[in-house]
K.L.:
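First the structure, then my questions, so here it is.
Order of listing sets the numbers, starting from 1, for every ligand and every atom in it. For reference, positions follow the sequence shown, starting with 1.
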Amino acid sequence: MENFDELLKKYADFIVRVGVNPQPGQTLIINCPLEGAPLARLCVRSAYEAGARDVQVNWSDDAVARARMELGSEEALTDHKPWQLRRYLDYAESEGGVCVLHLIADDPELYAGLDGNKISRVNAARRAFMEEWQEYTMNDRVQWSIAALPSVPWAKKIFPELDADAAMEALWKLIFDVCRVTGGDPVCEWQAHMERLSALRDKMNALDLESVHFESSNGTDLTVGLADQAVWESAASKSEKGVVFLPNIPTEEVFTAPHKDKVEGVVYGTKPYVFNGQLIKNFRVTFEKGRVVDYHAEQGQLLLGRLLDGDEGSRSIGEVALVPASSPINRSGKLFYSTLFDENAACHIAFGASYPGTTKGGTALSKEELLARGMNQSHLHEDVMIGAEDSHITGKCRDGRTVELFRDGVWVL
Ligand code: ZN
Ligand code: ZN
């Protein structure tokens, strides 16, 4: 790619300015794998230009992560120390505050072949330990954002026919395309895109829906009752201090909170799903009174079981999101094997926690108050794709009307 440097700079500026949006006086923490160093360096400069007080980078490495998971004892891997949490909280509690950018270079099969039970327990222990910090991000108290860059194993997974260099270049090009970086000015394009999504969000909120019904020829027939005072959200979020940011780059969804006890029917997964560095393919789950009572997967059945048995709330869903089949990610025709992208190619539901912001005034409510509204609670939040090219989606309003939302996989609202 002859203009690679220029595109990378645009991507970095967009991630920083629109994505995590650091404010003057604020500290930005960037988590980044080693192969992301060129992008991270540009992000650091861009953040200082935006007025950040300090920018810190935590480097990681997949090979080290895999070696630790394979060779480290479970006792050591679950022995978390206070500084691992305090390195976020100390800044969150300080005057200028903090924001966090996760640059990720997924290897969809990072932990392939390793002991799945051990991975689940280690990850669950980490989530429980980090809960106090997770509360900041799940409630949008601080700005946070996730953006991707290619890694060789990930690029080879998407482009198996290419050699490593060509696959990396192809994946960079794909990321620049679906993140709207290739054409012109990404900051402007995103502003327009976010306005379109906000208009759909406003229409959805005006309908005052009680439930949403999904149907498609693959056998999906699912009714998702919504949480009490559910609010539809889109793209941009707002932090406690009123700073607008984009949690996921890219984003195409309009989403809200289901009622944890009011989901009924059967739903088929339409894209493979990566959980704990391993694959779940062609799955189906059946819900009764909001909980999964039956499940099956052609690949990764055990893994799906482990996900669903993660904790008290992981058999119920905490998010339902509408994404048209016309999204650039779906139209690219590529399966990314990365939730960050694949969830923006299709309608999805998430097993586990709901976002408090998706019920009215929810970020100020206690856990008990949220549960009383039907907002699911869990340490997990795992998006699985259920939208099909022929998805037909209708909404039932609280006044009894039925409104068509999607026909043949795209918005008709
Ligand atoms: Zn979502
Ligand atoms: Zn989600």
K.L.:
Which atom, among the N/O/S set of H381, is closest to the Zn ion (ligand 2)?
P.N.:
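In H381, the heteroatom (N, O or S) nearest the Zn ion (ligand 2) is NE2.
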K.L.:
Could you pull out the atom name of the N/O/S atom in E319 that is nearest the Zn ion (ligand 1)?
P.N.:
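It is OE2 of E319.
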K.L.:
Is the distance from the Zn ion (ligand 1) to some N, O or S atom of D383 under 2.8 Å?
P.N.:
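No, D383 does not qualify, because none of its backbone or side-chain N, O or S atoms lies under 2.8 Å.
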K.L.:
By atom name, which N, O or S atom of E253 is the nearest to the Zn ion (ligand 1)?
P.N.:
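Of the nitrogen, oxygen and sulfur atoms in E253, the Zn ion (ligand 1) lies nearest to OE1.
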K.L.:
Quick check: W154 with Y337 (ring centres under 6.0 Å apart)?
P.N.:
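Not under 6.0 Å, so no.
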K.L.:
With a 4.5 Å limit on heavy-atom distance, are the side chains of Y273 and L304 in contact?
P.N.:
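The answer is no, as the side chains (C-beta and beyond) never meet within the 4.5 Å cut-off.
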K.L.:
Hey, is E404 close enough to R407 for a salt bridge, meaning N to O under 4.0 Å?
P.N.:
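Salt bridge between E404 and R407, a charged N being under 4.0 Å from a carboxylate O: yes.
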K.L.:
Determine, for D208 against R398, whether the closest basic-nitrogen to carboxylate-oxygen distance falls under 4.0 angstrom.
P.N.:
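Result for this pair is yes, salt bridge flagged.
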